[in-house]
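Let me begin by presenting the structure, written as structure tokens, before commenting on it.
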2 protein chains.
Amino acid sequence: MIEAKKISYQDIKALALKRIRNKTWPPGSIMPGEVELAGEFGCARATVNRAMRELADEGFIDRKRKAGTRIKASPTRHAKFTIPLIRDEIESSGATYRYALIRRDTPKTPDWLRARLALSLQADVLHLKCLHYAGSKPFQFEDRWINLDAVPKAAQQNFEMTGPNEWLVQEVPFTDVELTFSSMNADLQTAELLGVSEGAALFTIERITWLEKRPITFAKLYYFSGYQMTSRL
Amino acid sequence: MIEAKKISYQDIKALALKRIRNKTWPPGSIMPGEVELAGEFGCARATVNRAMRELADEGFIDRKRKAGTRIKASPTRHAKFTIPLIRDEIESSGATYRYALIRRDTPKTPDWLRARLALSLQADVLHLKCLHYAGSKPFQFEDRWINLDAVPKAAQQNFEMTGPNEWLVQEVPFTDVELTFSSMNADLQTAELLGVSEGAALFTIERITWLEKRPITFAKLYYFSGYQMTSRL
DNA sequence: CAGTGGTCTAGACCACGTG
DNA sequence: ACGTGGTCTAGACCACTGT
């Protein structure tokens, strides 16, 4: 036989992508079923299935039982970011990580927070303000709220040596995350903390985590001016 | 038998996650091998394999042949963003999408661009400036550069009716993307285009795409003040 | 070298959703 | 109702890598 060794699911992915690109399978059309493809490639259906499942995960095709597999009109690409711990992010850049707690209190739960996290009326929260330094330069200002109903043992922590994010990741499991990126002009207080001038453009991330349906924590992270977040796909 | 129906790879994922969370399998330790787990769960090794492969994709564990599967010390979470076409993004918010070409020229390739894309010395580029509106309000200003060596047919396009991104997605395949998010204060020109005051904080995305090793295009996207980008995981 | 994950097979049954 | 993808099985061989 002239056959090369064996066909892998990756070969099938590559082949399918080629056919999508050169419009052998035009956008919006239905490609052959798994059994047919398995026949064509001389492999098991499971192999084709794995290739197609991954292409679907990556956003190139839509699969539906009975309806078949359809090439997406405009391929929805997914960006996959790694969200590093800030300590790792700073240390991997070669700088020394330093952490400082600015403030710790347990105020009456603000209404905006209750609404944002869908907290019950009697929920208590812990509020923390922290700074993370890269060497001697402020890198990130963290405004953190922790739901004490979900994480009662946080009340026992003073967070003077360890940042709340680091502590939470170690101690409290979570299942869901919502991230919001945006940009804002620094107000006077934040500008002073980050050592920038008032009005400087700051990159900000809001992060909410849940354990199943229970909200754990809300954090607003303000980065120094010039911060960039990059991802390769 | 008292056995429930059958065990699925998702059940195994959930079970394994539970054991990671409650530290039955502590961070940094090695979990049992696939054969052993398959025995315990009474299923085929392939089923365990699929569960573990997905957990590895999601960043909870590290797998190495011979070494076994190790629970990550600090679980690296991956954020999966969908990068929508701007037309879809605007229209799905209920607003009307409108596009305007501001400028189109083929200048001498700037050095910073040549460096950024690793272009050859004689590479020609097409430069476009465009505005994308949501209703009557500017939504995004796009500063786009296209490598004419890789995409010669772009030179035939006037881009008066269709934005370069939309055209490129339809016409030119790509394999790799790099996205960089950052924040900047609007300069006078950009502020006028977006209808904001000078110095306003703008959310910006830089996007580079390649087809294999060939750079296709570089775009810098400036969003209106107040833009937010959210992802749920 | 030996153990672990990586992949493939051939067959089977199931669940969903279209026609 | 029935065709398509979704999943599982039991077994096999392979590839990488720690020892």
Consider the side chain of [X], meaning its heavy atoms from C-beta on, and name the nucleotide among [options] that approaches it most closely.
X      : options                 : result
K66(A) : dC2(D), dA10(D), dG5(C) : dC2(D)
R65(A) : dC8(D), dC16(C), dG6(C) : dC16(C)
E34(A) : dG6(D), dG5(C), dG18(D) : dG6(D)
R45(B) : dC2(D), dC13(D), dA2(C) : dC13(D)

- Query: Quick one: are the ring centres of H132(A) and F139(A) less than 6.0 Å apart?
  - Reply: no
I want to check one thing: is the phosphate of [N], taken as OP1 and OP2, less than 4.0 Å away from some side-chain N or O of [X]?
X      : N      : answer
Y9(A)  : dT7(C) : yes
R63(A) : dG6(D) : yes
T47(B) : dT9(D) : yes
N49(A) : dG6(D) : yes

- Query: Within this structure, what is the CZ-to-P distance between R70(B) and dG5(C), rounded to whole angstrom?
  - Reply: 12 Å
- Message: Using 0.5 Å steps for rounding, measure from the CD1 atom of I216(A) to the CG atom of L168(A).
- Response: 8.0 Å
- Message: Please classify the nucleic acid contact of R50(B) as base, sugar-phosphate, or nothing, using heavy-atom distances under 4.0 Å.
- Response: sugar-phosphate
- Query: Parallel, tilted or perpendicular: which describes the rings of F203(A) and F181(A), with under 30° parallel and over 60° perpendicular?
  - Reply: parallel
- F41(A) and I12(A), any side-chain heavy atoms less than 4.5 Å apart: yes
